[in-house]
Amino acid sequence: MDTLTHALFGMATYGAIDKEGLEKPVKRSVLFASLAASQAPDADVFTGFTETGQIMGLLWHRGLTHSFFMAPVWALVIFAAAFVIWRQKHWLIFFAAFINVVIHNTLDGLNAWGTGWFEPLSSTRVALGFLPIVDVVIWSLFAGAFIVKWKYKSIPAPRVWKIVLLVAALHISIQALQGTFIINQVEDDFDQVELSAGFVPGSFNVIGKKDEVVTIKNHNAFGRESLTETLYSQEEVDLDPLLNKNKRAELLIEWAPFVVVTKDDTQLGVYDPRFYFDGEKLLFESIPVE
């Protein structure tokens with residue numbers, strides 16, 4: 001998910017905690033833990049400042065730092081940082097950090113980009129495609145919570161944030177159920193099939209590959225489907241020249257569930273059809289044809 005969504009969940013989990021009776025340093029520590037943990041797994045973006053990190057970005061981003069096995073590690077690091085700053089050891093500090101890392105990793109695995117939930121034990125990228133990268137429903141829920149808190153000050157803040165988190169969980173569950181239903185309907189029609197949620201709630205792109213043909217169909221909440229793209233992968237093309245000259249192409253093939261191979265008079269390349277929009281290949285690696 002986007003950075004703002006993760007931060008909003010951090011604020012919401014902090015707001016949902018009943019802080020009555022807690023001293024100010026403890027409250028500050030818990031707020032710090034909630035916000036820091038909501039962003040901590042994305043620390044891997046800093047590898048992009050190195051040349052190797054730029055090449056390996058697809059495999060490194062949302063990799064080990066997003067593993068559920070790292071959640072207690074991140075929580076301990078953030079708990080230690082809070083102790084250094086405020087000298088507090090309240091259990092809520094560790095809990096807020098741990099739960100926000102888990103939320104971050106869970107949300108990232110629910111969209112199409114893919115997340116290494118079980119690294120280093122498994123290199124499998126979980127990309128369920130139930131949510132878009134930016135979810136307008138979730139943003140709207142949090143915006144509504146801020147309005148309610150501002151307009152109805154008599155309502156306890158923890159109650160507002162708990163309701164928002166419950167409704168957000170309900171929205172995510174509905175998206176997951178609908179996405180699972182769609183996949184179950186079409187999976188026998190393809191050799192491989194992937195799901196990618198659209199920005200409109202209840203809208204999904206189904207990307208299916210059978211032999212060399214890749215089709216992208218849109219399914220909406222009303223059960224309607226429409227063909228948006230038909231792509232042809234040139235499976236017979238020799239990819240050795242591409243793999244020898246473009247390391248990122250090799251990583252893209254390893255990272256993506258499947259790719260489309262394309263070759264013309266000017267270039268040889270591969271791209272991930274999940275990120276193909278109106279003729280634009282957002283994840284495309286190629287070399288010039290000599």
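Residues F284 and F275 are not in side-chain contact: their nearest non-hydrogen atoms beyond the backbone lie 4.5 Å or more apart. Here the side chains of V101 and P41 are in contact, with some heavy-atom distance below 4.5 Å. Counting heavy atoms from C-beta on, the side chains of V213 and D211 never come closer than 4.5 Å. Two residues are said to be in side-chain contact when any heavy atoms from C-beta on lie closer than 4.5 Å; N246 and L252 fail this criterion. D44 has its side chain out of reach of L64: every pair of non-hydrogen atoms, C-beta onward, lies at least 4.5 Å apart. Counting heavy atoms from C-beta on, the side chains of L239 and V261 come closer than 4.5 Å. Using a 4.5 Å heavy-atom threshold, the side chains of V134 and F199 count as touching. The closest side-chain heavy-atom distance from P273 to E229 is not below 4.5 Å.
Across all their heavy atoms, F118 and V126 have their closest contact at CE1-CG2, 4.3 Å. Here the closest heavy-atom approach between residue V164 and residue A145 is recorded as CG2-CB, 3.4 Å. Taking every heavy atom of both residues into account, I138 and M1 meet most closely at CD1-CE, 4.3 Å. V259 and K209 get closest at one heavy-atom pair: O-NZ, 3.4 Å. Contact record, V193 with I183: CG2-CD1, 4.1 Å, taken as the closest heavy-atom pair. Scanning both residues, S34 and G10, for their nearest heavy atoms gives CB-O, 3.4 Å.
Taking the six-membered ring wherever Trp is involved, the centroid distance between the rings of W161 and Y14 does not fall below 6.0 Å. Side-chain rings of F9 and F142 approach one another, their centers coming within less than 6.0 Å.
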Practice prompt. I would like to know whether D135 and L107 meet side-chain contact (heavy atoms from CB on, under 4.5 Å); could you show each step before the answer?
Written response: CA-CA 11 Å; D135 192 305; L107 290 173; over 6 Å; no
Practice prompt. Quick one: do R28 and E23 satisfy salt bridge (Lys or Arg N to Asp or Glu O under 4.0 Å)? Show the steps, please.
Written response: CA-CA 9 Å; R28 290 175 176 172; E23 296 180 356; over 6 Å; no
Item to complete: Could you check F130 against I172 for side-chain contact (heavy atoms from CB on, under 4.5 Å), going step by step and ending with a plain yes or no?
Response: CA-CA 8 Å; F130 296 148; I172 293 169; over 6 Å; no
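The aromatic rings of Y276 and Y271 sit parallel, their planes meeting at an angle under 30°, below the 60° perpendicular limit.
Residue K210 holds its NZ atom at 8.0 Å from CG of D189, rounded to the nearest 0.5 Å. In this structure, L242 CG and K247 NZ are separated by 12.0 Å, a value rounded to the nearest 0.5 Å. For the atom pair CD (Q175) and OG1 (T180), the distance works out to 11.0 Å, reported to the nearest 0.5 Å. Taking OG from S226 and CG from N205, the interatomic distance works out to 8.5 Å, rounded to the nearest 0.5 Å. With rounding to the nearest 0.5 angstrom, the CZ atom of F204 is 8.0 Å from the CG atom of L131. How far CD1 of I155 is from NZ of K149: 11.0 Å, rounded to the nearest 0.5 Å.
When the side chains of ILVMFWY residues are joined at heavy-atom separations under 4.5 Å, either directly or via intervening members, L231 and L268 end up in two distinct hydrophobic clusters. Transitive grouping of hydrophobic side chains (ILVMFWY, heavy atoms separated by less than 4.5 Å) brings L110 and V137 into a common cluster. Residue V186 is not grouped with residue V214 when hydrophobic side chains (ILVMFWY) are merged at heavy-atom distances under 4.5 angstrom, including chains of intermediate members. Hydrophobic clustering (ILVMFWY, side-chain heavy atoms < 4.5 Å, transitive): L165 and L4 are in one cluster. Under the 4.5 Å side-chain heavy-atom criterion for ILVMFWY residues, no single connected hydrophobic cluster contains both L166 and Y152.
Atom CD of E236 has more than 12 heavy atoms from other residues, nucleotides or ligands within 6.0 Å. The number of heavy atoms from other shown groups lying within 6.0 Å of NZ (K263) does not exceed 12. Other residues, nucleotides and ligands contribute over 12 non-hydrogen atoms within 6.0 Å of the NZ atom of K153. Enclosure of atom NZ in K27 by more than 12 non-hydrogen atoms of other residues, nucleotides or ligands within 6.0 angstrom is indicated. Heavy atoms of other residues, nucleotides or ligands lying less than 6.0 angstrom from CZ of F68 number more than 12.
Checked by atom type and distance alone, the side chain of R274 pairs as donor or acceptor with a backbone atom of A112 at under 3.5 Å. For Q267 (side chain) and S286 (main-chain N/O), no donor-acceptor pair under 3.5 Å exists by modelled atom type. Remark: the backbone N or O of E235 is not paired with any side-chain donor or acceptor of E212 at under 3.5 angstrom.
Using a 4.0 Å cut-off between charged nitrogen and carboxylate oxygen, E119 and R125 count as a salt-bridge pair.
Looking at D42 and H6, their side chains never bring a donor and an acceptor atom within 3.5 Å of each other. For the residue pair D108 / H104, a side-chain donor-acceptor distance below 3.5 Å is found, with atom types taken as modelled.
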Hey, can you pull the donor-acceptor pairs under 3.5 Å for the side chains in residues 69-94, sequence neighbours left out?
residue, atom, partner, partner atom, Å
W74, NE1, T65, O, 3.1
Q88, NE2, W86, O, 3.3
H90, ND1, L92, N, 3.1

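Each of V200, T228, L227, V206 was evaluated against N218; a single residue qualifies, T228, per the side-chain contact (heavy atoms from CB on, under 4.5 Å) test.
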